[in-house]
Amino acid sequence: MSATPQTEQRVAIVTGAARGIGAATALRLARDGFAVAVLDLDEAACAETIAAVEKEGGRALAVGVDVADAARVESAVARVAAELGPPAVLVNNAGVTRDNLLFKMDETEWDAVIGVHLRGAFLMTRAAQAHMTKAGWGRVVNLSSVSALGNRGQVNYSAAKAGLQGFTKTLAIELGKFGITANAVAPGFIVTEMTAATAERLGVPFEEFKAQRAAVTPVPRVGEPDDIAHAVSFFASEGAGFVTGQVLYVAGGPRG
């Protein structure tokens, strides 16, 4: 890992990349030839992702950041630009859940989810696009969800994920003339710590929970983080330059 920017290699930032979908995406983009900035709330938690990238000969940098904090976001993106190179790809993956029925949900549960997903994507994109517009090339990929279509007990999460779709389409309109595309990937049920926590909250063993979801999915299995990483890889590629403002549902069916 070099502290000297190597501008010949494009740099990708992946938020929430310490584990799950973010970690799989960071590794896939490294395999695609990008240097990868692995961002997460806890910088130390990024060590496993960094090690996986470097084991395959890739360049990676761990950066701890609260994506809902404007000053810390600016500082994090500046550090990536200084130590790894100016970001050309941004994957807004960081997310949290605070599930509850509407009448039980308090303001902190609403604010936490909207803050990370929507405010975080806004702040990260605002900071990263300055480098992309200067270069005349960029890719923004936002992680939405099938929950954007509505999901009981997730009024905050559903609102945030639906908001990201509108955010994505507007970015496509505003940034296209600078050679920057903006697209969203909307996962269905993916095996992660987050879905395992949902099963625990519902009092259902995770294996049983996965089997239940697979049984109602047209492609009769649950999704894996690599399924999402593949989709992000396409949107981040040179060949996807005429694809922008799109939402791709990766859910094993129309809804997942």
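Remember, it's a predicted structure, so these values are computed and weren't measured experimentally. Residue numbers run from 1 in the order of the sequence given.
Nearest heavy atoms, Val67 versus Leu123: O-CD1, 3.4 Å. Nearest heavy-atom pair, Ala45 versus Arg19, reported as atom, atom and distance to 0.1 Å: CB-NH2, 3.7 Å. Of all non-hydrogen atoms in Ser233 and Asp32, the two that sit nearest each other are OG-OD2, 2.5 Å. Heavy atoms only, all atoms of each residue included: Phe122 and Phe167 are closest at CA-CZ, 3.7 Å. The minimum heavy-atom distance between Val53 and Ala60, with the atom names listed, is CG1-CB, 3.8 Å. The minimum heavy-atom distance linking Ala128 with Leu90 is given by the pair CB-CD2, 4.0 Å.
Note that the NZ atom of Lys210 and the CZ atom of Arg213 stand 13.0 Å from one another [nearest 0.5 Å]. Rounding to the nearest 0.5 Å gives a distance of 6.5 Å between CD of Gln129 and CD1 of Ile180. The distance from the CG atom of Leu27 to the CD1 atom of Ile50 is 11.0 Å, given to the nearest 0.5 Å. With rounding to the nearest 0.5 angstrom, the CG atom of Asp42 is 7.0 Å from the CG atom of Asp40. One finds the OG atom of Ser144 at 12.0 Å from the CG atom of Asn92 (value rounded to the nearest 0.5 Å).
Shown here is Arg72, whose CZ atom has no more than 12 heavy atoms of other residues, nucleotides or ligands within 6.0 Å. Other residues, nucleotides and ligands place no more than 12 heavy atoms under 6.0 Å from the CD atom of Glu107. The neighbour count for Glu224 CD, taken as heavy atoms of other residues, nucleotides or ligands under 6.0 Å away, is above 12. Taking a 6.0 Å sphere around CD of Gln212, one finds it holds more than 12 heavy atoms contributed by other residues, nucleotides or ligands.
Hydrophobic cluster membership differs between Leu248 and Val219, with clusters built from Ile, Leu, Val, Met, Phe, Trp and Tyr side chains linked at under 4.5 angstrom. Under a hydrophobic-cluster definition in which Ile, Leu, Val, Met, Phe, Trp and Tyr are linked whenever side-chain heavy atoms come within less than 4.5 Å, directly or via other members, Val91 and Val250 are assigned to the same cluster. Linking ILVMFWY residues whenever their side-chain heavy atoms come closer than 4.5 Å, directly or via other members, places Leu171 and Ile114 in the same cluster. Taken together through direct or relayed side-chain contacts under 4.5 Å among Ile, Leu, Val, Met, Phe, Trp and Tyr, Leu202 and Val191 form part of one hydrophobic cluster. Taking hydrophobic clusters as Ile, Leu, Val, Met, Phe, Trp and Tyr residues chained together by side-chain heavy-atom distances below 4.5 Å, Met132 does not share a cluster with Ile173.
Remark: the backbone N or O of Ala172 is not paired with any side-chain donor or acceptor of Thr244 at under 3.5 angstrom. Between the side chain of Glu54 and the backbone N or O of Ala51 there is no donor-acceptor pair closer than 3.5 Å. For Thr168 (side chain) and Ala184 (main-chain N/O), no donor-acceptor pair under 3.5 Å exists by modelled atom type. Side-chain N or O atoms of Thr15 include one that pairs as donor or acceptor with a backbone N or O of Ala94 at under 3.5 Å. For Asn183 (side chain) and Phe235 (main-chain N/O), no donor-acceptor pair under 3.5 Å exists by modelled atom type. Counting only distance, with no hydrogens or angles, the side chain of Asn100 and the backbone of Glu109 share no donor-acceptor pair below 3.5 Å. Counting only distance, with no hydrogens or angles, the side chain of Lys161 and the backbone of Leu143 share a donor-acceptor pair below 3.5 Å. With hydrogens and angles ignored, the 3.5 Å screen pairs no side-chain donor or acceptor of Ser158 with any backbone N or O of Ala148. Panel note: side chain Thr195, backbone Thr192; a donor-acceptor pair is recorded below 3.5 Å. No donor-acceptor pair under 3.5 Å is formed between the side chain of Asn93 and the backbone N or O of Val14.
Taking 4.5 Å as the limit, every side-chain heavy atom of His230 sits out of range of all side-chain heavy atoms of Ile228. Within the 4.5 Å cutoff, the side chain of Leu61 has no heavy atoms near those of the Val38 side chain. Taking 4.5 Å as the limit, some side-chain heavy atom of Phe234 sits within range of a side-chain heavy atom of Val243. At least one side-chain heavy atom of Ile190 sits less than 4.5 Å from a side-chain heavy atom of Pro225. Put simply, the side chain of Val140 does not reach to within 4.5 Å of the side chain of Thr181, judged on heavy atoms. At least one side-chain heavy atom of Leu101 sits less than 4.5 Å from a side-chain heavy atom of Arg152. At least one side-chain heavy atom of Met105 sits less than 4.5 Å from a side-chain heavy atom of Trp110. In this structure the side chain of Trp137 reaches within 4.5 angstrom of the side chain of Val89, judged on heavy atoms.
Ion pair Arg119/Asp66 not flagged as a salt bridge, since none of the NZ, NE, NH1 or NH2 atoms sits closer than 4.0 Å to an Asp/Glu carboxylate oxygen. Between Glu238 and Arg10, at least one side-chain nitrogen of the basic residue sits less than 4.0 Å from a carboxylate oxygen of the acidic one, meeting the salt-bridge criterion. Using a cutoff of 4.0 Å between basic side-chain nitrogens and carboxylate oxygens, Glu56 and Arg28 are not scored as salt-bridged.
In this structure Lys169 satisfies the salt bridge (Lys or Arg N to Asp or Glu O under 4.0 Å) test with no other residue, sequence neighbours excluded. Looking at residues two or more places apart in sequence or on another chain, you find a ring-ring contact (aromatic ring centres under 6.0 Å, His included) between Tyr157 and His117.
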>> Is there a salt bridge (Lys or Arg N to Asp or Glu O under 4.0 Å) between Glu48 and Lys55? Walk through the geometry before answering.
In response: CA-CA 10 Å; Glu48 189 172 337; Lys55 182 180 180 180; over 6 Å; no
>> Between Val36 and Thr25, is the side-chain contact (heavy atoms from CB on, under 4.5 Å) condition met? List the steps.
In response: CA-CA 10 Å; Val36 183; Thr25 298; over 6 Å; no
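Tested against Thr198, the residues Phe206, Phe209, Phe189 include a single side chain to side chain contact (heavy atoms under 4.5 Å, CB included) partner, Phe209. When each of Val113, Asn142, Leu164 is paired with Leu118, the side chain to side chain contact (heavy atoms under 4.5 Å, CB included) condition holds for Leu164 and for no other.
Checking Asp99 against Gln154 by side-chain atom types alone, a donor-acceptor pair falls below 3.5 Å.
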